[in-house]
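Each chain gets a letter, A, B and so on, in the order its sequence line appears, and its residues count up from 1.
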Amino acid sequence: MNQIQRLRGMVDVLPEQTERWQAVEKLAREHFYRAGFKEIRTPLIEVTELFSRSIGEATDVVGKEMYTFSDRGDRSCTLRPEGTASVVRAVLEHGLLNQGSQRLWYAGPMFRYERPQAGRQRQFHQMGVECFGLDSPRSDVEVIAIAWDFLQALGLDSLVLELNSLGSTEDRKNYRALLVEWLESRYEHLDPDSKQRLKTNPLRILDSKNSHTQSLLQDAPTLQKSLCDESSDRFKAVQNFLEALQIPYKINPKLVRGLDYYSHTAFEITSEHLGAQATVCGGGRYDGLVEQLGGPSVSGIGWAIGMERLIMLLEGFKTGGSSPDAYLVNKGDKAEAKALELARKLRSASLSIELDGSGSSFGKQFKRANRSGATWAVVLGDDEVNSGQVRLKKLYCSNNSSSENDLLVDYSDLDRLLALLRS
RNA sequence: GCGGGCGUCGCCAAGUGGUUAAGGCAGCGGCUUGUGGCGCCGCUAUUCGGGGGUUCGAAUCCCCUCGCUCGCCCCA
């Protein structure tokens, strides 16, 4: 194959799909706006250290999935694998936290060097929100509700909100020690993956898909029991607020987010229609992150939605489709010149006009006019030019192909023409 | 990084060792250089992802390679 192809894991979104994307993006923007969120746009490339420090050296994302390269100044750069780190960096760099709490949203491509599969690409798109300086459990629920309501507004059913608390950093440290000790005494019974993870990221063993390991874990110490009173009160409060808002949720004690910076509330919204990668939306609280990146001790909470996965769920939904208001049929030297001019005039009056540029027979042009889905055909030929008129023909209505029912309008009478085309 | 499935026209596909690689959709052209949605006719793969090999002969068998896809790991 000599034809140049796209890079592996990169996806072209074709016109047929972009309409759906735009509809989703528009709806999301409305939800963000109504919730008082402002957009932030950060670069696609950052210094590598930003991600290794925030996401965590031991995570797969940092360990093996980053697009990292040296630039000409020999700096190590990385294409962003997620949005949160960049947003925190930007917020600190521009002193936004000095102006009180912040509610931000972002959208754009992310890059992870992984083997592509259903719902996973190397360049993928996320829309997300990040809040800083909102500490109460009420904020957790407010933020979750934005995601939930947005997804509901898209008409998605059979979504499940899964919830867990990872406790404070302290709680997690304690629990980690407990769990490691417990697992080490049963080391022989663990599957190879879990043995490996015992060294790198023991909490992740909890959501192992190995059934043997899972049954072993039945009796393992739980994270819940390691939560201090304050942490478990907070978790309880989150649940109460969710119930008050009548947002259904399922506690999943094994939900452990992969990125190091999460603490307390962690959640995912999943769908059974997505194949192996079931998570459409994932997020949680990251109270230590801002400080870890050199900022003040300010709390954070946010989530990200995977656009491609969301679009997959929307596959069955109609988006209306767009067709031009009018199709401009034109033939003959003078008529073609006039048509070009007329198209421009109509467009500047904000009509959508498809101009036939083929110069082929009227019959052919009408066929295309029909296919375009336009409501009107605007006809310009030598006869019309000679009489200073255009001929309007309503498409897709009757089966008359005669020109008796056509409307003739002077093309100098733009107002009348516009009025007709809009009717 | 590791496993499974697959690769014939823009799309869907037949063909599984023998001279010219079905068919459908879409596209283009004609019947119809002044009028459309129907119909009819015609055109559109010197070639079967790419390379090498076996054979008198390969899209069909073998090897390598590339790509797609599903799953594992992990994440959105």
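- Using cut-offs of 30° and 60° on the angle between ring planes, the pair Phe32(A) and Trp303(A) is tilted.
- rA14(B) sits 29 Å from rC64(B) when the C1' atoms are compared, rounded to a whole Å.
- Rounded to whole Å, the distance from CD on Glu384(A) to P on rG34(B) is 12 Å.
- Base pairing annotation: rG29(B) forms a Watson-Crick or G-U wobble pair with rC41(B), both donor-acceptor distances under 3.5 Å.
- Atom CZ of Arg41(A) has 12 or fewer neighbouring heavy atoms from other residues, nucleotides or ligands inside a 6.0 Å radius.
- Comparing the same atom, P, in rC9(B) and in rU60(B) gives a spacing of 15 Å after rounding to whole Å.
- Taking the charged nitrogens against the carboxylate oxygens, Arg138(A) and Glu142(A) have no contact shorter than 4.0 Å, which rules out a salt bridge.
- Among the heavy atoms of the strands lying under 4.0 Å from Lys331(A) are primed sugar atoms or P, OP1, OP2 only; no base atom is included.
- Within residues 268-279 of chain A, the residues that have a heavy atom under 4.0 Å from RNA chain B are, in order of number, Gly275(A), Ala276(A), Gln277(A), Thr279(A).
- Taking atom C1' on both nucleotides, rC41(B) is separated from rC61(B) by 42 Å, rounded to a whole Å.
- A salt bridge is absent between Arg344(A) and Glu341(A): the closest approach of a Lys/Arg side-chain nitrogen to an acidic carboxylate oxygen does not fall below 4.0 angstrom.
- Judged purely by distance below 3.5 Å, without hydrogens or angles, the side chains of Asp140(A) and Thr265(A) pair a donor atom with an acceptor atom.
- When the P atom of rA76(B) is taken as reference, atom CZ of Arg115(A) falls 21 Å away, rounded to whole Å.
- We find that NZ of Lys394(A) is positioned 18 Å from C1' of rU35(B), with the value rounded to whole Å.
- Rounded to a whole Å, the CG atom of Asp12(A) is 12 Å from the P atom of rC68(B).
- Distance noted for atom P between rG34(B) and rC40(B): 24 Å (whole Å).
- The number of heavy-atom neighbours closer than 6.0 Å to CZ of Arg186(A), taken from other residues, nucleotides and ligands shown, is above 12.
- Along RNA chain B, the nucleotide nearest Ala304(A) and the nucleotide nearest Arg6(A) are compared for position; the residue whose nucleotide lies closer to the 5' end is Arg6(A).
- Taking atom C1' in both rG1(B) and rC73(B), the straight-line distance is 9 Å, to the nearest Å.
- Stacking is found between Phe362(A) and the pyrimidine-like six-membered ring of the rG34(B) base under the 5.5 Å centre-distance and 30° plane-angle cut-offs.
- Cation-pi geometry between Arg122(A) and Tyr113(A) is met: the NZ or CZ atom falls under 6.0 Å from the ring centre, inside 45° of the normal.
- With a cut-off of 3.5 Å on both pairing distances, rA21(B) has no Watson-Crick or G-U wobble partner at all.
- What separates CD of Gln365(A) from P of rC28(B) is a distance of 12 Å, to the nearest Å.
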